[in-house]
Each structure stands twice: as C-alpha cells, then as structure tokens.
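Encoded as structure tokens, the structure appears first; notes follow it.
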There are 2 protein chains.
Amino acid sequence: MPPYDTKTRILDGAEKLFAREGFHNTSLRAITSLAEANLASVNYHFGSKDALLQAVIERRLLPLNQIRETKIREVLARASEENTPPTADSLLCAFIEPTLEFSNSSPGAKDFISLVGRSLSDPDETVRNCFLTLVLPTFQLLFKGLCDALPQLSPTILLTRLQFIMGTMSHVMCMGTLSALNNPALPPPLDQNTLIQQLLKYALAGLEAPE
Amino acid sequence: MPPYDTKTRILDGAEKLFAREGFHNTSLRAITSLAEANLASVNYHFGSKDALLQAVIERRLLPLNQIRETKIREVLARASEENTPPTADSLLCAFIEPTLEFSNSSPGAKDFISLVGRSLSDPDETVRNCFLTLVLPTFQLLFKGLCDALPQLSPTILLTRLQFIMGTMSHVMCMGTLSALNNPALPPPLDQNTLIQQLLKYALAGLEAPE
DNA sequence: AATCGTTTCAAACAAGTGTTTAAATAGGGA
DNA sequence: TCCCTATTTAAACACTTGTTTGAAACGATT
C-alpha cells in the first residue's frame with residue numbers, strides 16, 4: 001500500500017474499515033496498521049478520529065454532490081428552455097444514477113457508498129450530521145424540481161415519498177458490501193446495472209402513485 | 001425504575017441505549033446505571049453483551065413476527081377459500097402494518113423498532129444475523145405469497161423490489177427516534193398513522209410497476 | 001554542509017471496555 | 001433455626017481505546 005502519501009493511505013484505510021466494521025467499531029490502530037502508517041499520524045494529519053471521518057466523507061461526497069447538482073440543473077435548464085415542467089423520471093435519474101455509477105469508479109468507492117448509505121440513519125449524531133449537511137442542498141434542489149414536475153401532489157406527500165426513496169437508496173447502497181440475502185429458496189441477486197434500472201423504476205412508480 | 005425485576009430493567013435500559021447510541025457505542029456501565037442494577041448482573045443474567053443484544057431483539061421480535069405470520073396466513077387462507085390469488089395489497093399490509101402499529105404499543109417499543117430498522121444493514125455481522133435469522137422465515141412466506149399475487153412479475157424482480165421495500169421500511173423505522181430532517185424550507189413531517197398509509201401506497205405502487 | 005520546517009516514530013498516558021471473582025445478602029422450605 | 005439456592009455487590013482483572021509527547025529522521029533551501 002505505501003507507494004502514495006500517508007494522508008491518502010489513511011483515508012483509504014479508514015474508508016474501508018469504517019464501511020465494513022462501522023465507525024465506533026474501528027480503532028485507529030486497525031486503520032494505521034492497514035495503511036502501514038504510524039498510529040500518531042492520524043492525529044497529526046487530521047487532528048482526531050472524528051475529523052478523520054469527516055475527511056473521509058468529504059473527500060468523495062463533495063465531488064459526487066457536484067455531479068448530482070450539475071445533472072439536476074441540466075434537467076431543469078432543458079425543461080425551462082422548452083417551457084415545460086421537468087419530468088420526475090429525469091430528475092430522479094439525475095440524482096440516483098451518479099450515486100451508484102460512482103461505486104464502480106474506484107476500488108474504494110464501493111466501500112464509501114456503503115458507508116454513506118448507512119450514515120443516513122446512524123445513531124451517532126456526529127456521523128449523521130456530517131453526512132446530512134453535505135447532502136441537504138442537493139436534496140432541496142431535487143425536491144423543488146419534483147414539486148414542479150408533479151404539481152398534482154402536495155409538497156408534504158412529495159417530501160415523504162422522497163424520504164422513502166432515500167431509505168431505499170441507502171439500503172441498496174449498503175447491500176454492496178454486506179453479506180447478501182443468499183438463500184437457496186430465493187432467486188439470486190441482480191447485477192449492479194440492472195439493479196439501478198430496477199431501483200429507478202420502483203422509485204418512480206412509488207413517487208408518482210396517486211395521492 | 002427499580003420496582004420490577006432486574007432482568008427486565010436491564011432489557012429495557014439496553015433496548016433504549018442500543019437504539020439511541022448504537023450497540024458498540026453503548027457500554028454495560030451505561031446500561032446498568034440506567035437500569036439501576038449492578039454491573040456484573042448483565043453477565044450473570046445474560047452471559048455476555050452479545051447475548052444481551054440477542055435477548056433484547058428476541059424479546060419483541062418473536063411475538064411481532066408471530067403476528068405478522070398469522071396475518072399473512074389469514075390472507076392466504078381467505079384467498080384459497082375464494083379460489084383467487086391473494087392481493088399484493090393485503091399481503092403487504094399484513095407485513096407492514098403490525099410493525100409500525102407495534103411501535104405505539106409500549107414506551108420502549110419505539111426504540112426497539114428503531115433498533116431493528118438499523119440492524120438490517122448493521123456492519124456487525126453479529127447484529128445483522130441475529131436479526132436476519134428471526135425475520136427470514138416471515139420474509140420467505142411473504143415472498144411466496146407475492147409470487148402468487150403478482151404472477152406477471154418474475155421472482156427475481158419481485159425479490160429485488162421486496163428488498164427495496166425492506167430498505168424503505170427500515171428507514172421509516174429509524175426515523176422515529178432520529179432527529180428529523182427538519183428544515184424551514186421543507187414541509188413538516190407526517191404523523192405516524194398517515195405515514196404508514198403513505199408507506200403502503202408507495203410500496204405497493206413500486207412493487208406493482210410493470211417490468 | 002548547516003539549517004529549516006515537515007513528517008515519522010516508539011513510548012507512554014489516562015480513561016474506558018467487557019468479564020471474572022469471591023464475598024455478602026437475601027429469602028423461602030425443612 | 002438452619003440450610004440451600006439465587007441474587008447482588010464491590011473490587012479487581014486484563015485489555016483496548018483515542019490522544020499526547022519528545023526525540024528521531026527526512027528533504028529541500030540556503
């Protein structure tokens with residue numbers, strides 16, 4: 001592991017372990033030993049374990065959110081150009097697709113996605129807030145777009161359903177690293193791409209259901 | 001707290017803390033101090049911290065699953081009586097409604113529901129398996145019923161969507177104790193009952209979407 | 001070659017962890 | 001009353017935790 005610089009090595013190791021073992025169940029010693037770094041280097045480079053978590057999340061979530069926001073704004077711009085409301089389908093797609101495509105972009109990304117998926121309902125407020133504050137702006141942008149796309153639904157219902165979708169997404173995001181629901185009596189799981197397509201179809205149908 | 005017996009007091013305290021702070025972030029000392037019991041009593045009554053978690057989950061999940069199974073079997077029996085396939089709506093209802101009604105049944109139940117919601121994607125295999133093995137039989141019963149209810153959908157798609165629903169459910173279950181997504185720019189959240197109705201409508205629409 | 005700030009390192013720190021022990025205390029039945 | 005079992009208790013156990021320390025090693029600049 002040690003060719004690249006210590007700080008990155010620690011980030012990679014922490015990402016992997018936080019995702020697979022959980023934040024509180026991961027010790028700095030486990031991280032530094034995986035990263036082949038000295039124990040004290042975490043506090044030297046990041047200040048504390050909490051700050052390390054924040055750095056792990058921000059490193060990937062900031063660029064990911066930027067992609068999502070750009071895509072959503074493109075959809076909104078195209079719609080306003082054609083003087084029609086945006087479609088719920090295209091908005092949802094702009095939000096969901098980058099997330100799961102992202103998990104194929106680099107080896108550590110899958111772990112990261114799983115970490116993010118879990119942090120939405122993490123009992124630790126530090127973890128949850130660290131994630132929520134980063135996603136909230138994008139979430140609000142999506143919500144406002146959907147209000148225009150589906151004016152027949154009240155904002156309250158729309159928000160509720162959007163939260164349902166977030167729940168579905170985090171679950172799917174976690175499934176990547178979790179031991180699957182493998183049982184001989186059940187059919188085998190789908191591959192990543194079909195899974196995204198199915199997720200989109202499911203979420204869209206649930207979102208557009210009559211009130 | 002101390003009127004009733006120590007074992008129950010420990011279960012109640014553990015349930016509350018496991019749900020709110022997470023399993024690994026909760027110490028036995030915190031539990032026993034909340035339960036006004038001696039530290040050693042946990043190991044005396046339950047053997048270990050892991051076994052305590054198992055006891056906490058089993059205490060409520062076993063009866064809850066029994067309710068769910070009974071309701072599902074009732075739906076199946078009624079359908080076979082009338083010689084028609086069961087409806088996806090009634091099956092889903094039999095599975096979902098008891099879960100969230102349960103959270104109003106006793107003060108600790110809301111914590112428990114939140115704990116269960118999280119354990120579906122808990123990084124710790126001990127936690128996850130403890131939960132999965134208890135729910136799997138009910139889950140399979142539901143799955144087989146849905147295969148009859150929606151024969152136009154392939155079992156693989158059906159299973160995938162059922163997992164989406166599980167994700168939505170766990171998220172909703174967690175939301176009870178989590179600091180809500182409260183933002184002045186967003187509408188306020190729904191009350192518990194309307195939330196269940198909405199969840200059912202959302203899940204049913206997503207489940208029945210054309211393949 | 002000497003000096004600088006930056007980074008690494010082994011060691012120790014105090015605090016907290018789950019678990020075990022053995023003694024003390026109960027409380028009912030013979 | 002005495003005895004036996006079940007429970008509670010305080011204390012200690014061995015171990016892990018995040019963090020801090022001060023000296024060592026490094027690497028570029030002068």
Side-chain angles (χ1 to χ4, degrees), chain A residues 1-59 115 119 122-130, chain B residues 1-59 115 119 122-130:
Chain A
M1 210 179 213
Y4 46 105
D5 76 329
T6 308
K7 208 168 165 179
T8 311
R9 256 160 38 227
I10 293 177
L11 282 172
D12 288 348
E15 178 173 71
K16 188 174 200 164
L17 293 175
F18 285 166
R20 303 189 183 194
E21 320 283 341
F23 176 67
H24 286 291
N25 204 23
T26 299
S27 70
L28 293 184
R29 283 165 180 82
I31 294 173
T32 51
S33 118
L34 178 62
E36 299 187 35
N38 186 274
L39 169 62
S41 57
V42 171
N43 288 277
Y44 175 77
H45 284 289
F46 299 95
S48 71
K49 194 190 176 186
D50 279 19
L52 171 61
L53 173 69
Q54 181 139 351
V56 166
I57 294 191
E58 283 185 356
R59 174 172 67 148
L115 174 63
S119 52
D122 198 286
D124 189 323
E125 221 183 351
T126 312
V127 179
R128 214 168 55 244
N129 279 347
C130 175
Chain B
M1 211 178 214
Y4 46 105
D5 76 329
T6 308
K7 207 168 167 180
T8 311
R9 256 159 39 227
I10 292 177
L11 282 172
D12 288 349
E15 178 174 71
K16 188 175 200 164
L17 292 175
F18 285 164
R20 302 191 183 193
E21 319 284 340
F23 176 66
H24 286 291
N25 205 22
T26 300
S27 70
L28 293 183
R29 283 165 181 82
I31 294 172
T32 50
S33 116
L34 178 62
E36 300 187 35
N38 187 274
L39 170 62
S41 57
V42 171
N43 287 277
Y44 175 75
H45 284 289
F46 300 95
S48 70
K49 194 189 176 187
D50 279 18
L52 171 60
L53 173 68
Q54 183 139 349
V56 165
I57 295 192
E58 283 185 357
R59 173 172 67 148
L115 173 63
S119 53
D122 197 287
D124 189 324
E125 222 183 351
T126 312
V127 179
R128 213 169 54 245
N129 279 347
C130 175

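Being a predicted model, the structure only gives us computed values, none of them experimental. Below, chain A is the first sequence line, B the second, and so on; all start at residue 1.
- At least one side-chain nitrogen or oxygen of A/His45 sits closer than 4.0 Å to the OP1 or OP2 atom of C/dT8.
- For B/Lys49, the listed nucleotide lying nearest its side chain is C/dT19; candidates were D/dA10, D/dG18, C/dT19.
- Between B/Thr6 and the phosphate of D/dT8, there is a side-chain N or O to OP1/OP2 separation shorter than 4.0 Å.
- Shortest non-hydrogen contact noted between A/Asn25 and B/His24 is ND2-NE2, 3.4 Å.
- Judged by closest nucleotide on DNA chain D, B/Ala37 is the one of B/Ala37 and A/Leu28 placed further toward the 5' end.
- When rounded to the nearest whole Å, the span between CG of A/Asp50 and C1' of D/dT19 equals 13 Å.
- The side chain of A/Ser27 sits closest to D/dG18 out of D/dG18, D/dA10, C/dT19.
- Atom CD1 in B/Ile10 sits about 14 Å away from atom C1' in C/dG18, given to the nearest Å.
- Among the heavy atoms of the strands, none lies under 4.0 Å from B/Thr32.
- Residue-environment remark: NZ (B/Lys49) exceeds the threshold of 12 foreign heavy atoms within 6.0 Å.
- The A/Ala40 side chain lies nearest to C/dC9 when the options are C/dT19, D/dA10, C/dC9.
- As a whole-Å value, the separation of A/Asn43 CG from C/dT8 P is 14 Å.
- Atom P of nucleotide C/dG18 and atom CG of B/Asp124 are separated by 13 Å, given to the nearest angstrom.
- You'll find that the side chain of A/Arg29 is closest to C/dA12, out of C/dA10, C/dG18, C/dA12.
- Between the C1' atom of D/dT9 and the CD atom of B/Glu36 lies a distance of 15 Å, rounded to the nearest Å.
- When distances are taken from the side chain of B/Asn38 to each of C/dT19, D/dT9, C/dT8, the shortest belongs to D/dT9.
- Taking all atoms of both residues into account, the shortest heavy-atom contact from A/Ser119 to A/Val127 is CB-CG1, 3.7 Å.
- For B/Leu39 and D/dT7, the CG to P distance is 18 Å, given to the nearest whole Å.
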